[in-house]
Amino acid sequence: MTRPLLFLDVDGVLNPYGYSSRPTGFTDHHLFPEDDDPVLVNAEHGIWITELTRAYDVTWATSWNDNANRLLAPLLGIAPLPVLTMPPIPFHPSGKVPLVARLACHRPTAWIDDLHTPQAHTWADNRPEPTLLITIDPSTGLTRHSIDQALAWATNL
């Protein structure tokens with residue numbers, strides 16, 4: 001079987017938002033001078049992403065586009081990842097679906113995002129290829145449970 005592909009979002013996944021109390025393990029980084037809100041980064045996520053790269057071809061699927069590699073990858077201690085270029089912001093989250101679908105083509109695919117739209121679920125449900133959507137709570141961000149879920153799924157393909 002072809003090596004599976006994994007799409008990885010940033011905001012709400014690696015950079016939580018909407019929390020009442022800050023999730024543990026995150027530090028502030030002011031990466032965008034025009035934005036008052038810091039980007040929250042958890043260094044442990046870099047270790048987890050490296051684990052994912054052993055089972056998947058991991059691709060950024062985020063409005064950060066190339067900034068994910070330029071600004072975030074060094075903070076996480078990971079090598080640059082391929083980037084699925086998103087439309088200019090703001091765009092509706094359903095705008096990711098045709099881009100993800102085009103790149104996924106006939107490969108087994110996992111997608112980690114905090115905003116899986118009904119269109120994303122329809123796409124995933126109607127693919128003949130194995131497909132896994134892991135929806136992250138944006139107030140918590142990526143958890144070890146989600147990483148373990150993705151790794152177990154890839155192992156069982």
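Every value quoted in this text rests on a predicted model; they were computed, and no experiment measured them.
Here the side chains of E129 and T2 are not in contact, with every heavy-atom distance at 4.5 Å or above. You'll find the side chain of W64 reaches within 4.5 Å of the side chain of D11, heavy atoms only. Put simply, the side chain of L14 reaches to within 4.5 Å of the side chain of I49, judged on heavy atoms. Using a 4.5 Å heavy-atom threshold, the side chains of W123 and V100 count as touching. L6 places a side-chain heavy atom less than 4.5 Å from the side chain of L8.
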Quick one: do L72 and V41 satisfy side chain to side chain contact (heavy atoms under 4.5 Å, CB included)? Show the steps, please.
CA-CA 8 Å; L72 193 56; V41 177; 3.8 Å; yes
Does the pair V83 and T59 meet the rule for a side chain to side chain contact (heavy atoms under 4.5 Å, CB included), with working shown?
CA-CA 6 Å; V83 175; T59 298; 5.8 Å; no
Considering only distance and modelled atom types, tabulate donor-acceptor pairs under 3.5 Å from the side chains of residues 134-141, sequence neighbours left out.
unit_1, atom_1, unit_2, atom_2, d
T135, OG1, H116, ND1, 2.7
D137, OD1, S139, N, 2.9
D137, OD1, S139, OG, 2.7
D137, OD2, S139, OG, 3.3

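Rounded to the nearest 0.5 angstrom, I147 CD1 and E51 CD are separated by 7.5 Å. Interatomic distance, K96 NZ to T62 OG1, rounded to the nearest 0.5 Å: 5.5 Å. Between atom CZ of residue R70 and atom CG of residue N65 there is a gap of 11.5 Å, rounded to the nearest 0.5 Å. The distance from the OG1 atom of T117 to the NE2 atom of H92 is 7.0 Å, given to the nearest 0.5 Å.
Atom NE2 of H30 is surrounded by more than 12 heavy atoms from other residues, nucleotides or ligands within 6.0 Å.
A continuous path of ILVMFWY side-chain contacts below 4.5 Å connects L103 to W111, so both sit in one hydrophobic cluster. One hydrophobic cluster holds both V58 and I112 under the rule that ILVMFWY side chains link at heavy-atom gaps under 4.5 Å.
Under a 3.5 Å cut-off, the side chain of H45 and the backbone N or O of L142 do form a donor-acceptor pair.
Nearest heavy-atom pair across W153 and T109 is CH2-O, 3.5 Å.
Donor-acceptor pairing under 3.5 Å is lacking for the side chains of Y17 and D37.
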